[in-house]
Amino acid sequence: MVNFFEFMLSLLKEPAIMVGLIAFIGLVVQKSDISTILKGTIKTVMGYLILGFGAGALIGALNNFSTIFTEAFGVSGVIPNNEAIVAIAQEAFGYEMALIIFFAFIVNIILARITPLKFIFLTGHHTMFMSMLVAVILSTAGIKGTILVALGSIIVGSLMVIMPAIAQRYTVKVMGTDQLAMGHFSTLSYVISGYIGSKFGDISKSTEDINVPKSLMFLRDTPVAIATTMVLFFLLASVFAGSKFVESISGGQNWLVFTFMQSLTFAGGVYIVLQGVKMFIAEIVPAFKGISDKLVPGAKPALDCPMVFPVAPNAVLIGFLSSFSAGLLVMGIQGMMGWTVIVAGVVPHFFVGGASGVYGNAMGGLRGAILGSFTQGICISILPMLLLPVLGGLGLEATTFSDFDFGVVGLVLGWIVS
């Protein structure tokens, strides 16, 4: 029994296997033939893995850019990074986190079954991040053992249906269907961006309708446009950081060659992510019908934020630039005020800012994409600073969680248990 439980925990720690199992169950419930079951299950896992490969390339290039940018402009401070803080807390709370992940998924299925919130949260790594956040904060109130796991599972499992529901009005507008939901704990970023877009944007002027001069028509190709933009950013940071520093990061590779290669790696990562998303959605949605019909009638899969990237590629780039600009602005203000400086993390500003741009564009066109992603960029730069005191007592002050929902949930939960 113990070995089986450990086996199930290991499965839940592998998001690709988890979504593959869900696809497998869905296809089996539909009584599909063996060929369809194998094809659907394998392609679901492959799509998720391809998405991960692309994300790995993106994060590697962005981390190099962040290091060079920090050196170039003398910025130091707290770097919000979900993976980093989870890694730090893993030794003390890894077991509790794993149990919360397992039981939170069961709570998610039960709530989707018995409530009108018919969402199954499939973004495994964000379930892990939220489980760790909740475990850490509950422990500050002296809650331990079974009670911590039980409370944590209920909280995380509830958030797994509540947060997709909050964003669903805007997600339907973005995706053009009610059969998909946003399963990413930056929900409030997308809601704020969509709201700002609806109030201050102009839906008649979409980011995807931008008139590009013939001489710049190559920018209509998304990977080329992203590569060009990143070359400019990377080159600027590299010039200010100095060739010697850049070459110390590159392992001796010429600094200019390194700059171009990292920019192209980033663009290639974006392309891989888009292809992975297409394959993943093409397989998981039909397979999910089995779960919807049998286990949780009317259920909708809540998927990771790159789900929206293919909808409006221009909005992704515009959203990233707007969100990152907001992060730089807040950094300057924090420095002048003598507050803790939250270094503008390129990874959250790209993924969350890019997706926010898509939501802002869906509700308010180009202006909505710019204003919406800029506004949420301010929020994800201030909230990590406010969250630090909640986590600092546990020795986690060197880093913090980066996304909007973690900041809000952490502050509210911290206030409740204090």
Side-chain angles (χ1 to χ4, degrees), residues 14-16 48-91 125 129 218 221-276 306 309 316-317 320-321 323-325 327-328 331 341-354 384 396-402:
E14 292 291 341
Y48 197 95
L49 289 173
I50 289 170
L51 194 159
F53 298 153
L58 282 173
I59 291 169
L62 288 175
N63 284 340
N64 285 328
F65 174 75
S66 183
T67 301
I68 293 170
F69 184 88
T70 300
E71 172 69 17
F73 301 105
V75 176
S76 61
V78 173
I79 301 176
N81 184 285
N82 297 325
E83 288 82 3
I85 193 166
V86 168
I88 292 172
Q90 182 85 18
E91 186 174 342
H125 63 290
F129 299 154
F218 66 93
D221 187 298
T222 301
V224 175
I226 291 172
T228 304
T229 303
M230 283 306 295
V231 164
L232 295 175
F233 270 91
F234 224 120
L235 192 58
L236 178 66
S238 294
V239 167
F240 277 91
S243 59
K244 287 186 179 179
F245 180 81
V246 175
E247 288 176 5
S248 71
I249 299 297
S250 70
Q253 186 178 27
N254 178 271
W255 72 274
L256 196 55
V257 172
F258 180 73
T259 295
F260 280 103
M261 289 305 299
Q262 289 297 296
S263 302
L264 292 171
T265 298
F266 177 84
V270 172
Y271 182 78
I272 294 170
V273 165
L274 296 178
Q275 296 308 306
F309 286 6
V316 175
L317 185 57
F320 161 53
L321 296 176
S323 181
F324 189 60
S325 298
L328 295 178
M331 278 175 57
V341 174
I342 300 297
V343 177
V346 186
V347 172
H349 282 292
F350 175 74
F351 283 102
V352 179
L396 306 178
E397 65 276 358
T399 185
T400 186
F401 290 90
S402 62

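- Minimum heavy-atom separation, A237 to A72: O-CB, 3.2 Å.
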Pair T259-W255, side-chain contact (heavy atoms from CB on, under 4.5 Å): steps then yes or no = CA-CA 6 Å; T259 295; W255 72 274; 4.1 Å; yes
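- Between the CZ atom of F258 and the CD1 atom of I68 there is a distance of 5.0 Å, given to the nearest 0.5 Å.
- Residues F351 and F309 form a side-chain contact, since some pair of their non-hydrogen atoms from C-beta on lies under 4.5 Å apart.
- In plain terms, the two heavy atoms of F401 and F129 that are nearest each other are CE2-O, 3.6 Å.
- No more than 12 heavy-atom neighbours from other residues, nucleotides or ligands sit within 6.0 angstrom of OH on Y271.
- Remark: side-chain polar atoms of S250 are paired, donor with acceptor, to backbone N or O of E247 under 3.5 angstrom.
- Taking the side chain as every heavy atom from C-beta outward, F53 and Q275 never approach each other to under 4.5 Å.
- For M261, the CE atom is loosely surrounded, since the number of other residues' heavy atoms within 6.0 Å does not exceed 12.
- Interatomic distance, I272 CD1 to T265 OG1, rounded to the nearest 0.5 Å: 9.5 Å.
- Rounded to the nearest 0.5 angstrom, N64 CG and F69 CZ are separated by 15.0 Å.
- Between A241 and E71 the shortest heavy-atom distance is CB-CG, 4.1 Å.
- Contact check for I342 versus P80: side-chain heavy atoms found under the 4.5 Å cut-off.
- Note that the OG1 atom of T400 and the CG atom of N82 stand 8.5 Å from one another [nearest 0.5 Å].
- Here the two rings, on F350 and F266, have centers that are under 6.0 Å apart.
- Considering CG of N254 and CZ of F260, their distance stands at 10.5 Å, rounded to 0.5 Å.
- Considering all non-hydrogen atoms of both residues, A227 and A267 come closest at CB-CB, 3.5 Å.
- Atom CZ of F234 and atom CG of L264 lie 11.0 Å apart (nearest 0.5 Å).
- For the residue pair H349 and S323, the shortest heavy atom distance occurs at ND1-OG, 2.6 Å.
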